[in-house]
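Residue numbers start from 1 in every chain, and the chains themselves are labelled A, B, ... in the order their sequence lines are given, proteins ahead of strands. Here the structure is a predicted model, which is why all the values come from computation and not from measurement.
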There are 2 protein chains.
Amino acid sequence: MIQKILIAEDYETVNLSIQKTLEELHISSPDYVYYCDDALLRIEKALQANASYDLLITDLHFEEDHRQQKISGGEALIAAARNIQPDLKILVFSATGKPATIEALFQKEDIDGYVYKGRNDARELKLALEQIAANRRYFPQQFVQQQKQKNTYELDEFDITILSLMADGKRQQEISAYLKKNNIKPSGLSSIEKRLNTIKDALDCSTNEQLIAHCVKMRII
Amino acid sequence: MIQKILIAEDYETVNLSIQKTLEELHISSPDYVYYCDDALLRIEKALQANASYDLLITDLHFEEDHRQQKISGGEALIAAARNIQPDLKILVFSATGKPATIEALFQKEDIDGYVYKGRNDARELKLALEQIAANRRYFPQQFVQQQKQKNTYELDEFDITILSLMADGKRQQEISAYLKKNNIKPSGLSSIEKRLNTIKDALDCSTNEQLIAHCVKMRII
DNA sequence: TGCCACTTTACGGTTTTCCGTAAAAAACAG
DNA sequence: CTGTTTTTTACGGAAAACCGTAAAGTGGCA
């Protein structure tokens with residue numbers, strides 16, 4: 001049975017609405033935080049007090065503000081939480097997840113549910129909570145559909161580095177020099193060109209400009 | 001005094017949380033809808049029944065689904081609502097607004113407030129409601145900041161066209177051809193080059209990629 | 001060690017972009 | 001209408017990006 005719940009969600013209204021949904025399910029008042037670091041602290045303290053949480057409901061994306069955070073976002077929070085409390089149930093509630101990200105969360109982090117923010121998200125949230133309470137996993141419908149049409153080329157760290165430098169105004173030669181200076185393995189100009197071609201092909205972009213626009217929009221960089 | 005409120009917001013959780021925020025302000029239970037068409041219908045009926053709404057709280061972006069809608073989004077809804085009830089107060093609650101869009105809403109549609117969805121959005125929502133109840137307008141802080149730091153060079157429609165086409169994968173020659181085809185005045189390749197240089201200079205960008213990244217981040221395009 | 005598969009790099013030729021200059025066109029005043 | 005100013009376009013050389021291919025390097029594996 002799920003009794004003790006922690007909500008990590010920086011959007012105040014969303015945070016409130018999750019609480020309201022829980023109320024309707026007659027789940028006793030959950031704890032809630034607006035920052036990832038606070039979430040982990042709560043989980044740690046609860047463990048030490050021998051009153052650990054049953055469920056963590058968390059967003060993936062958190063806006064940055066004046067408060068410096070050690071944990072950068074939902075994914076890092078999930079990993080950290082799993083590390084200190086392996087039996088914690090985790091429900092991700094987010095609008096931004098890419099199929100590949102969701103898949104990775106289910107496989108690697110063994111999360112228990114994923115709910116897309118959307119028109120009927122409160123109802124979905126209830127369904128997910130019921131499923132999780134019954135020790136079942138909850139996959140969103142959208143996920144099943146998107147599974148089929150996945151042309152998802154997952155960008156690795158190297159790709160992100162190149163794209164970030166490029167979005168930062170660096171020319172390809174400068175990127176090559178930067179990679180050499182930082183001892184990152186493929187650093188030749190040709191490798192950068194080749195990689196960019198691969199990415200553009202995968203993401204169906206014809207120019208660098210379009211690629212950068214796409215990545216910024218998708219919050220890849 | 002604000003008594004009768006209509007909420008148009010397709011995200012169920014957000015819709016709920018607005019209701020909760022209104023509860024805390026001791027405002028009697030508002031009406032709420034998930035579709036723009038429904039919103040306009042409600043406003044029309046209330047007018048005919050001589051019990052018109054005092055305030056419309058609406059999102060800008062609505063997800064499309066199986067239900068075909070005449071009104072495409074928040075902006076269209078606002079225009080339509082203004083048309084049939086000029087004295088209706090309007091509060092926009094959205095995460096997606098570009099500065100130019102917000103400015104246009106305040107100037108052309110004469111909206112009464114704009115609140116960004118974000119970390120402290122519930123508190124901002126309360127502030128905005130208080131301001132509007134006092135017949136004052138509520139501008140978001142982010143907007144004021146962005147107003148200040150906006151570089152002397154204001155991008156015009158021509159600039160936006162070029163940047164949008166470029167972010168769409170078009171080459172400069174293709175952009176030139178496009179402009180010619182659509183009878184947009186400066187269409188020469190040189191003019192495009194020159195304009196891009198001016199923009200890059202004004203926004204302190206060294207490459208097209210950096211420029212596009214900046215514009216997408218700043219929601220200019 | 002030597003062979004093989006694979007990755008990375010180097011190097012030309014082509015296309016695109018960049019940048020300066022000058023000609024052409026348009027806008028404007030007298 | 002003429003002369004001036006401003007805007008737009010055209011052009012050519014330099015730099016950067018693009019693209020294919022070949023050489024050099026890397027890591028298994030017998």
Just do the side chain to side chain donor-acceptor pair (under 3.5 Å) check on D65(B) and Y34(B) with the steps written out, would you? CA-CA 11 Å; D65(B) 63 2; Y34(B) 296 113; over 6 Å; no
Gap between atoms [atom1] and [atom2], on [X] and [N] respectively (whole Å):
| X | N | atom1 | atom2 | answer |
| --- | --- | --- | --- | --- |
| I199(B) | dT17(C) | CD1 | C1' | 15 Å |
| E209(B) | dT16(C) | CD | C1' | 12 Å |
| L196(A) | dT9(C) | CG | P | 14 Å |
| I162(A) | dT8(C) | CD1 | P | 11 Å |
| M166(B) | dC18(C) | CE | C1' | 12 Å |
| I175(A) | dT8(C) | CD1 | P | 17 Å |
| R171(A) | dT16(C) | CZ | C1' | 13 Å |
| Q172(A) | dT8(C) | CD | C1' | 16 Å |

Listed nucleotide nearest any side-chain atom of N208(A), set dC19(C), dC18(D), dT16(C):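 Per side-chain heavy atoms of N208(A), the pick is dC18(D).
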What's the closest nucleotide to the side chain of N197(A) if the choices are dC18(C), dT16(C), dC19(D)?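 Selected nucleotide: dC19(D).
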Considering only NZ, NE, NH1 and NH2 on the basic side and carboxylate oxygens on the acidic side, decide whether [X] and [Y] come within less than 4.0 Å.
| X | Y | answer |
| --- | --- | --- |
| D31(A) | R42(A) | yes |
| D10(A) | K117(B) | no |
| R67(B) | D38(B) | yes |

Closest approach of L189(B) and Q173(B), non-hydrogen atoms and distance?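 Answer, listing the atom of L189(B) first, then Q173(B): CD1-N, 3.8 Å.
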Is the side chain of S164(B) donor-acceptor paired with the backbone N or O of I160(B) at a distance under 3.5 Å, no angle test?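 Yes; at least one donor-acceptor contact below 3.5 Å.
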Whether each nucleotide of nucleotides 6-12 of chain D has a protein heavy atom under 4.0 Å at its base (B), only at its sugar-phosphate (S) or at neither (-) is summarised, 5' to 3', as --BBBB-
Y138(A) and its side chain to side chain donor-acceptor pair (under 3.5 Å) partner, picked from Q131(A), E130(A), E124(A):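 Testing Y138(A) for a side chain to side chain donor-acceptor pair (under 3.5 Å) against Q131(A), E130(A), E124(A) leaves exactly one candidate, E124(A).
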Tell me whether the OP1 or OP2 atom of dA15(D) has a side-chain N or O from Q173(A) closer than 4.0 Å.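 Result: no.
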